[in-house]
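When a residue number appears, it is its place in the shown sequence, counting from 1. As the structure is a prediction and not an experimental result, all values here were calculated from the model.
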Amino acid sequence: MSDDAADPLARNRLDAEESPYLRQHADNPVNWQPWDETALSRARETDRPIFLSIGYSSCHWCHVMAEESFEDAEVAAALNDSFVPIKVDREERPDLDSLYITVCQLVRGHAGWPLTVFCTPEGKPFFVGTYFPKEAKRNQPGFTQLVERIAEAWDDPEERTETEERAEQWTAAAKGELEAVPDTPGEMPNDDFLDGVASDAVRQADREHGGFGRGQKFPNPPRVDLLVRAADRYDHEPYRAVACETLDAMASGGLYDHLGGGFHRYCTDSEWTIPHFEKMLYDQAGLVRTFLAGNQLFGDDRYGAVAEGTLRFVERELRHDEGGFFSTLDARSGYEGRQVEGAYYVWTPESVTAAVDDETDAALFCTRYGVDETGNFDPEQEFDDPEIRPERWTVLTESASVASLAAEFDLDESEVRERLARAEEQARAAREERPRPNRDEKVLAGWNGLMISAFAEAGLTLDERYATVAADALTFVRDRLWDGERLSRRWKAGDVKGDGYLEDYAFLARGALNTYEATGTVDHLAFALELADALVRHFYDEERGTLYFTPADGESLVARPQELDDSSTPSSTGVAVETLDALSHFTTDDAFATVAERVTETHADTLESSPLQHASFVLAADALGVGRRELTVAADGLSDEWRATLAARYLPLRLLSVRPPTDEGLAAWLDALGLDEAPPIWAARTARDGPTVYACRNRACSPPRSDLAEALDWEP
């Protein structure tokens with residue numbers, strides 16, 4: 001038997017993994033292990049600490065740390081000699097990411113990726129951090145010295161005792177943070193709760209640049225959704241203003257890709273100018289829905305255009321040929337023989353002139369998007385060799401309005417728009433010739449659920465064809481990741497891996513429900529109800545009144561996390577509560593409603609004390625407290641006229657249900673759903689002399705209407 005076969009730690013085992021992030025490290029001299037029982041048992045058997053590195057394929061600083069340290073033979077030897085090195089793709093294992101990033105936040109006060117963790121052989125963390133340079137610089141310890149110091153401490157009996165005590169303390173703190181529930185439930189938030197939360201959002205807003213906070217700017221769709229809903233309900237101008245300021249900043253700055261559509265991950269400055277250039281599926285999903293809501297309430301067609309540009313980007317660059325959605329595009333792409341962040345997206349005056357035929361068109365493009373010799377993005381840190389170092393680059397931002405361009409160039413505004421469109425088309429074609437960013441082709445159940453919801457909503461508000469895209473993606477995920485009882489996390493090139501987490505069930509169930517709303521196809525509703533049943537079965541703890549992020553029979557970690565707050569994705573607990581509440585209208589018992597209400601009451605005090613950290617959960621609680629606007633349509637489908645009416649109305653608590661016009665037709669639906677009788681949303685709501693709509697809220701319904709606009713204007 002070879003040494004490699006006898007000892008799996010003797011080689012890098014990532015070559016057998018499908019995760020693009022793990023495969024990026026398969027050629028490292030570090031003997032990387034995947035997180036599996038083979039690696040964990042060897043850590044215990046050999047009494048070696050675990051060096052755990054968590055990241056994802058499009059993470060810029062993950063690439064940097066890999067190039068500086070993990071590709072270095074000296075560092076690799078130190079890690080291989082004294083540790084069990086384990087690599088984790090946070091997108092495949094969000095449970096591990098949640099656990100260890102919580103420790104980092106508790107200990108360091110901040111966290112991010114790459115996440116660097118040293119653990120006991122049992123997985124209990126005793127040192128945490130993020131990116132470390134190979135050698136010490138800028139007040140950061142060097143990774144080489146860090147590895148040596150930790151290895152020496154582990155071998156010293158006295159320091160080993162201190163290390164293990166620290167690991168126990170940190171594990172207990174993480175367990176308390178992630179698992180704790182209040183001893184007594186709170187009260188369900190009332191109708192006015194949203195008003196107070198929106199006021200908090202206004203106080204925390206950056207009124208100069210848009211968004212929230214004074215440093216790096218992250219898109220925060222749930223927080224903007226909250227403000228949009230509050231602006232509609234209370235007609236309070238500051239809510240409207242902050243929502244629009246944030247939407248405008250995201251649409252006009254460097255966060256948005258003005259040539260190709262879609263949004264980057266976040267901006268490194270408070271002015272929304274320079275992004276981290278990776279494009280994540282979940283950002284596209286959340287921001288599409290937010291911009292669609294802004295378009296409906298504020299009547300700004302530009303918001304709709306941004307949403308549509310993002311949907312087209314996803315269709316073009318993140319969609320599998322058979323319907324599912326891929327995960328990410330990398331921040332980096334090829335430039336002068338190396339991978340450079342942002343190289344695909346940036347411009348100089350010379351590159352614009354080379355791409356755009358007409359001199360005036362090129363000048364308009366440069367003025368519109370701020371492209372000049374000064375630039376706004378300095379790539380110097382990417383280059384050691386001044387011979388290949390480029391001039392300063394420009395990230396495109398909307399720097400001049402069409403009206404100001406018309407005045408400056410003495411042109412009609414219509415001609416400016418025509419010339420800009422031509423220049424953008426030519427610049428886009430030139431950009432297509434550049435080396436493209438790598439694509440992570442994992443299909444994740446939960447992230448697909450988010451994007452499916454976005455396409456379904458666009459199918460009602462922009463173009464019916466988007467609902468078909470949603471349905472195709474839902475079918476793709478259902479066929480590959482759902483076995484009738486359980487949902488798997490990830491599909492890639494035919495390989496399925498990992499049990500689904502709460503976010504997978506919640507996000508996909510909401511996506512299935514939204515697809516039913518957009519298409520009127522009962523099979524999508526049936527899938528949503530199946531997922532909701534499984535969600536409650538696997539994740540709901542009735543005794544503690546909460547939903548956990550991992551299934552009850554899942555892998556046992558040092559803590560079982562909940563996910564109450566929003567992070568890069570919305571709170572899975574919040575989305576689960578929202579979805580169970582909505583789906584309860586299609587059942588004949590109160591099981592889903594009971595879970596939604598109980599979980600909300602369990603965490604009501606948390607929502608009250610820090611609502612903006614839990615905006616998705618707040619929105620779900622608000623829907624429970626205020627009640628949904630049921631729109632039951634008894635017809636063979638939505639007419640174009642009724643679709644146009646829905647597209648023009650902002651209806652944040654809308655629950656749209658298209659049912660067969662007759663009870664005879666409904667009987668087949670009830671059979672498909674396994675129901676003995678019609679749920680209240682359908683009962684006694686048949687068509688009356690043609691397509692009929694019933695508008696209901698809080699058990700009060702309008703008379704049957706043949707005009708959807710009249711039904712929407714009805715108030716109980």
Side-chain angles (χ1 to χ4, degrees), residues 186-213 217-251 286-300 303-304 307 453 457 461 510 564-566 570-571 573-575 577-578 581-582 596 600 603-629 648-655 697-698 712-713 715-716:
E187 295 183 2
M188 186 75 68
N190 60 30
D191 293 1
D192 296 327
F193 181 49
L194 183 68
D195 195 15
V197 180
S199 295
D200 287 347
V202 170
R203 283 191 291 272
Q204 293 190 24
D206 179 349
R207 300 306 302 274
E208 181 180 3
H209 302 298
F212 303 92
K217 290 294 175 60
F218 288 81
N220 197 319
R223 196 172 292 190
V224 183
D225 292 340
L226 187 152
L227 280 165
V228 175
R229 186 182 298 185
D232 174 62
R233 184 178 303 170
Y234 305 113
D235 195 24
H236 188 42
E237 179 56 29
Y239 301 163
R240 177 185 298 266
V242 171
C244 288
E245 288 163 7
T246 302
L247 291 169
D248 290 342
M250 292 191 293
L287 287 164
V288 162
R289 297 186 73 188
T290 299
F291 274 87
L292 289 175
N295 183 29
Q296 287 179 309
L297 183 60
F298 305 132
D300 190 333
Y303 297 157
S453 287
E457 186 64 23
T461 58
R510 185 176 68 174
L564 308 179
D565 58 338
D566 297 315
S571 159
T573 301
V575 174
V577 166
E578 172 199 341
D581 171 45
T600 302
H603 299 292
D605 290 345
T606 297
L607 299 185
E608 189 79 36
S609 62
S610 55
L612 292 181
Q613 303 304 116
H614 306 86
S616 295
F617 204 164
V618 166
L619 291 168
D622 177 66
L624 280 171
V626 173
R628 294 183 179 276
R629 183 193 292 262
R649 298 285 189 105
Y650 174 67
L651 301 168
L653 298 177
R654 180 205 72 214
L655 183 59
R697 175 176 276 180
N698 295 328
L712 292 175
D713 290 337
E715 290 292 340

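- Taking the side chain as every heavy atom from C-beta outward, Asp581 and Arg628 approach each other to under 4.5 Å.
- Using a 4.5 Å heavy-atom threshold, the side chains of Val202 and His236 count as separate.
- Scanning for salt bridge (charged side-chain N to carboxylate O under 4.0 Å, His left out) contacts around Asp248 gives Arg302, with sequence neighbours left out.
- Judged by distance alone, with hydrogens and angles left aside, the side-chain atoms of Asp566 form a donor-acceptor pair with the main-chain N or O of Ser571 at under 3.5 Å.
- Between Asp191 and Arg233, no side-chain nitrogen of the basic residue sits less than 4.0 Å from a carboxylate oxygen of the acidic one, so the salt-bridge criterion is not met.
- With sequence neighbours left out, Glu608 forms a salt bridge (charged side-chain N to carboxylate O under 4.0 Å, His left out) with no residue at all.
- Between Lys217 and His209, some side-chain heavy-atom pair lies under the 4.5 Å cut-off.
- For the atom pair Ser199 OG and Leu194 CG, the distance stands at 9.5 Å (nearest 0.5 Å).
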Could you give me the CA-CA distance, side-chain angles and deciding distance for Arg649 and Asp713, then say whether salt bridge (charged side-chain N to carboxylate O under 4.0 Å, His left out) is met? CA-CA 11 Å; Arg649 298 285 189 105; Asp713 290 337; 3.2 Å; yes
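- You'll find the side chain of Thr606 stays beyond 4.5 Å of the side chain of Phe617, heavy atoms only.
- Distance check, rounded to the nearest 0.5 Å: CE of Met250 to OH of Tyr303 gives 9.0 Å.
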Enumerate donor-acceptor pairs with a distance under 3.5 Å from any side-chain N or O in residues 218-229 to protein atoms, sequence neighbours excluded.
residue, atom, partner, partner atom, Å
Asn220, OD1, Arg223, N, 3.3
Arg223, NH2, Leu612, O, 3.2
Asp225, OD1, Thr290, OG1, 2.8
Arg229, NH1, Leu619, O, 3.1
Arg229, NH1, Asp622, OD2, 2.9

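- Taken from CZ in Arg629 to CZ in Arg697, the straight-line distance is 5.0 Å, to the nearest 0.5 Å.
- The shortest non-hydrogen separation linking Ala582 to Leu655 is O-CD2, 3.7 Å.
- Side chain of Arg207 to main chain of Ala241: no donor-acceptor pair is present (N/O by atom type, distance under 3.5 Å, no hydrogens or angles).
- Tyr239 places a side-chain N or O within 3.5 Å of a backbone atom of Asp195 that can act as its donor or acceptor partner.
- Residues Leu247 and Phe298 come closest through the heavy atom pair CD1-CE1, 4.3 Å.
- The shortest heavy-atom contact between Phe193 and Leu607 is CZ-O, 3.5 Å.
- Taking all atoms of both residues into account, the shortest heavy-atom contact from Gly210 to Thr246 is C-OG1, 4.3 Å.
- Leu292 pairs with exactly one of Thr461, Leu287, Leu297 by the side-chain contact (heavy atoms from CB on, under 4.5 Å) rule, that one being Thr461.
- Taking CZ of Phe212 as the reference point, atom CG of Asp200 lies at 11.0 Å (rounded to 0.5 Å).
- Atoms CG and CD, from Leu564 and Gln613 in turn, are 12.0 Å apart once rounded to the nearest 0.5 Å.
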